[in-house]
S.K.: 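The structure is given below, and queries will be raised subsequently.
Every number for a ligand or one of its atoms is a count from 1 in the order of the listing.
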Amino acid sequence: MKKNIILALFFIISFDVFSQESESPNIILMIGDGMGLTQITSGMYSNNNKTALEDFQYIGLSKTHSYDNLVTDSAAAGTAMSSGKKTQNYVLGLDHMGNPLKSILSICQDKGYSTALIATSNILHATPAAFFANIDYRYNYEPIADQMTKSGINYFVGGGEQYFNSRKDKRNIINEMTENGYEFVYNISDYEKNKSNYIGFFTAKGEPYYSYKGVNYSYREDEPVEDFKGRESYLARSTEATLKKLKELSKPFFIMIEGSQIDWGGHDNDQEYMVSQFLEFNETIKVVLEFAKKDKNTVVVVTADHETGGAAIVRGDLSSSTIKNRFATPNHTASMVPVFSFGPNAHLFKGIYENTEIFNKLLSIVEK
Ligand SMILES: [Zn+2]
């Protein structure tokens, strides 16, 4: 009898130790492309003076310059955050000498994590691609798609279908990936219903255009607004579905979620476009925070790769939630960008540091 009690105690204690050690935290990295303080503030004042970012525990600032340019592009900034090295603009997953780098996503996979990528651009665009690609030119989408087939990412959501199945080399990578266990879906309800451990959800053949308050917009001049069908706002809903899927895999997970088109609104110097994309991202942050608060073992980091447009708020009215932006440039700027963090080890992200430190801080959490 006594022996049984001791044995039972042993199991309880060892199970407890085991469960603590095995519970590596989930990591949710959210990147608002081109989301500087003015983009956040403009969205906040347009939204009854509120943003989900007010719920975060720690705030830092990240220096965004690339290896060869004070003003970074999304490829170099994505590489800095995903892989910890400053590199040249346009380069993905290589250091400035051209050596391949291992991304935090890939390191997490080695540690048994499930992984996912979600973007409102094509899924091979610079920011998501920085987490799996190693290539010297970000716009080489077909080789980047090829690299994606070898990435082992469980779930991905974004545009870019044409780089998988309408290729110059005539390969149909969708068929190849299907043979290797992936399933592909083309709308959100099929994505939610699908139970596969490996799913690609294509939201557009090329770039997913955007739709805001029932009105369709195009950022391309060669595509008249009345002729094209704007994308449904899918970021928050597909994020919710993906978190559910990842949770059901019963392993720790890493996910990167990008609000890609905040940047495109900035390039267009189009206040309404930019703010609409921030607000979609803001809704997604709410979904993520709700998950993290319940889960208690999820670290959430929200940041940007750079600011776009040199945006300023020059006037507005709080009572009607209206603002007026002016822009200094159609390009990116070199301003520091904020970093918001929540969850276990969130304190690591306070202070002022290089964007490469985002990688180092995430790595230290994964390696704890
Ligand atoms: Zn840009």
S.K.: Check this for me, if you would: do D110 and K102 make a salt bridge, where the nitrogen-to-carboxylate-oxygen distance has to be below 4.0 angstrom?
M.R.: yes
S.K.: Compute whether any side-chain donor of one residue and acceptor of the other, for S66 and N89, lie under 3.5 angstrom apart.
M.R.: yes
S.K.: Do you know which two heavy atoms are closest between N297 and E23, and how far apart they sit?
M.R.: ND2-O, 3.1 Å
S.K.: Of the non-hydrogen atoms in A129 and L124, which two are nearest, and what is the gap between them?
M.R.: CB-O, 3.4 Å
S.K.: Looking at Y182 and N154, what are the two nearest heavy atoms and their distance?
M.R.: CE2-O, 4.2 Å
S.K.: Check which protein N, O or S atoms are less than 2.8 Å from the Zn ion (ligand 1) and report how many there are.
M.R.: 4
S.K.: Could you tell me whether the side chain of S321 and the main chain of N48 form a donor-acceptor pair under 3.5 Å?
M.R.: yes
